[in-house]
Protein chains: 2
Amino acid sequence: MSAAVFPTEVLSPAPSVATRRAEATRWIAGLHDELTSFFGRLDGGGTFTEDRWERPGGGGGVARVMTDGVTFEKAGINRSAVMGELPELAARRLGGRGAAAGATHFFATGVSLVVHPRSPKVPTVHLNVRYFELTDEHGNLTDSWFGGGTDLTPFYPHVADGVTFHRALRDMADKHHARFYPDFKQWCDEYFVNVHRDNEARGIGGIFFDHLRPDEASHDLDHAGVQAFVSDVARVLRHAYEPIVERRRHEAFNEAEREFQLVRRGRYVEFNLVHDRGTIFGLQTNARVESVLMSLPPLAMWQYSPRYAPDSFEARLVRMLEPRDWITDATGE
Amino acid sequence: MSAAVFPTEVLSPAPSVATRRAEATRWIAGLHDELTSFFGRLDGGGTFTEDRWERPGGGGGVARVMTDGVTFEKAGINRSAVMGELPELAARRLGGRGAAAGATHFFATGVSLVVHPRSPKVPTVHLNVRYFELTDEHGNLTDSWFGGGTDLTPFYPHVADGVTFHRALRDMADKHHARFYPDFKQWCDEYFVNVHRDNEARGIGGIFFDHLRPDEASHDLDHAGVQAFVSDVARVLRHAYEPIVERRRHEAFNEAEREFQLVRRGRYVEFNLVHDRGTIFGLQTNARVESVLMSLPPLAMWQYSPRYAPDSFEARLVRMLEPRDWITDATGE
């Protein structure tokens with residue numbers, strides 16, 4: 001059986017699996033619409049243009065991009081639902097859960113966003129939630145999980161913004177499981193790191209999680225329970241990010257602050273192109289390149305070996321990137 | 001025997017090898033100085049600042065960067081001479097010439113440059129030459145080769161500039177071997193490609209070669225003969241690039257042309273961070289990051305899914321990137 005010969009819908013999945021896939025696709029499309037409305041309103045004037053694309057191997061997506069924003073220089077929110085034969089490499093990487101468990105096909109749906117504000121006083125934010133499942137040659141489910149997260153990249157050392165962001169994440173996550181915030185905060189700190197820059201963090205973290213399976217001993221949430229948590233992740237920015245935008249959007253900024261924002265955006269580019277698994281996977285598997293690279297900033301700068309005085313705002317921002325306990329943090333700026 | 005315990009100079013190499021290494025290091029340092037003078041003069045006002053750095057595993061380098069140029073927005077010329085234990089991965093990749101041949105240590109020296117002009121009418125140029133050798137545990141030479149090349153990245157569709165560049169390379173290479181230009185031109189066309197951008201070329205190519213060993217049947221040049229060719233590669237820009245700079249540096253340009261230059265520089269960043277073997281190797285082996293990333297442009301732009309009218313200068317530039325026979329080309333612009 002080959003997906004190139006038979007459309008995947010004919011091959012698979014079993015009826016109960018098909019229902020859940022349809023539900024998952026609708027769920028993600030709903031979050032995509034909510035996030036588009038949220039950022040349209042938050043921007044205060046910009047509009048999103050939309051591109052619909054199809055993936056040759058099965059499925060497709062909807063890309064929405066704002067480039068005329070008042071607050072945001074570029075905002076991209078993308079959703080996709082793709083399916084097909086499980087690539088051999090992915091099957092092997094999944095170990096006993098992949099090929100060894102009889103998995104031959106995959107289904108994945110998710111929504112992903114990055115917004116690049118105009119002002120260096122307003123941080124960049126990234127958010128992604130996704131659902132992934134594997135089926136065997138009879139179309140029966142062999143594994144399923146959720147993943148996602150959100151992280152903040154400030155360009156100016158407003159420590160209070162880190163506190164706002166992390167406390168909102170903690171409050172949201174604690175409603176679902178006491179271990180989610182601390183575990184996923186640590187995972188985030190370990191993931192968004194420019195190893196080649198002496199392990200400098202991309203931003204001040206947030207939460208990051210993957211392979212979050214229903215009914216695991218570590219949390220005891222069923223499919224609906226995990227999905228409810230992931231939905232709350234997708235909706236957390238109204239508490240975690242909106243207050244920061246509201247208090248920083250009208251702050252004045254100067255040329256040096258704008259320049260430093262562009263230099264830090266260069267580090268964002270480095271992380272996404274050199275280290276980010278999602279980006280590299282997308283580029284290597286011939287996904288739609290404009291959607292994969294929608295996260296890149298509109299403008300970025302590279303300076304050779306910049307040096308900053310210890311008390312400069314640049315040096316304070318770099319120190320602020322060192323992982324810390326934001327919940328108990330009570331330092332000023 | 002471990003390089004962490006004994007300094008590499010004590011371990012190796014045998015006297016004749018040591019003499020050749022010292023000569024190779026002086027040769028590269030001489031080319032580095034020549035190239036620095038050349039670009040200082042060509043710029044017409046900017047100055048290079050210099051950083052000397054040491055590599056923890058052995059050796060070091062000299063980085064020279066110009067950021068105050070009249071013609072060049074950023075110009076970086078780097079040389080290095082490094083040695084140490086051969087990384088296992090590299091030994092395996094060399095197959096029968098590496099670990100299987102008893103190679104345990106390496107020595108490499110080279111000079112590398114990228115210049116990013118201010119004007120979009122002046123192309124970016126990259127050049128690199130390098131010498132590499134392997135020794136066994138007794139310090140005896142087991143293999144040695146040269147590599148290098150130069151390629152041009154225009155931002156405006158001046159076809160005449162591609163002709164100038166390639167004909168100068170052909171004239172230079174033909175003095176050494178009739179196969180060098182055609183073979184190394186093709187290698188270059190195949191190497192500098194953004195595979196993830198539907199195989200779009202980074203620029204209009206030039207020449208690229210690696211593992212060019214003395215006394216091989218394909219060319220019959222000895223060590224001195226190959227080195228003479230590689231020296232000429234390092235000196236070819238006075239014929240291949242200087243005439244282009246001279247005829248374009250005073251051309252007027254507008255905002256749309258500058259913007260397109262920044263978008264194309266974004267593609268340059270993508271190639272260097274996603275595909276370039278030298279950059280990836282440098283980032284993975286903890287080389288000095290500021291030297292590895294010296295090639296990145298001072299400013300780059302990403303636009304979402306830009307579209308250009310078929311007759312626009314942008315569309316004509318993109319068409320100009322398709323590999324062609326520049327020697328026989330007689331099309332206008």
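Chain identifiers are assigned alphabetically (A, B, ...) following the order of the sequence lines, protein sequences preceding nucleic acid strands; residue numbering begins at 1 within each chain.
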Does any backbone or side-chain atom of A/Leu262 lie under 4.5 Å from a heavy atom of chain B? Answer side chain, backbone, both or neither.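 Contact with chain B involves the side chain of A/Leu262 alone.
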The side chain to side chain contact (heavy atoms under 4.5 Å, CB included) partners of B/Thr124 (sequence neighbours excluded) come to B/Val114, B/His116, B/Pro117, B/Thr153, B/Phe155, B/Tyr268
Under 4.5 Å, heavy atom to heavy atom: which of residues 60-74 of chain A reach chain B? Give them by number, or say none. A/Ala63, A/Val65, A/Lys74
What orientation do B/Trp187 and B/Phe208 show, parallel under 30°, tilted 30 to 60°, or perpendicular over 60°?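 Taking B/Phe208 first and then B/Trp187, their aromatic rings stand perpendicular (interplane angle over 60°).
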If the condition is ring-ring contact (aromatic ring centres under 6.0 Å, His included), which residues does A/His32 pass it with, not counting sequence neighbours?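 Result, ring-ring contact (aromatic ring centres under 6.0 Å, His included) vs A/His32: none returned.
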Which residues pass the ring-ring contact (aromatic ring centres under 6.0 Å, His included) test with B/Trp53, sequence neighbours left out?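 None.
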Will you find, in the side chains of A/Trp302 and B/Glu290, an N or O donor that is under 3.5 Å from an N or O acceptor? no
Check: A/Thr279/A/Asn272 side-chain N/O donor and acceptor closer than 3.5 Å: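 No pair is found: no donor N or O on one side chain lies under 3.5 Å from an acceptor on the other.
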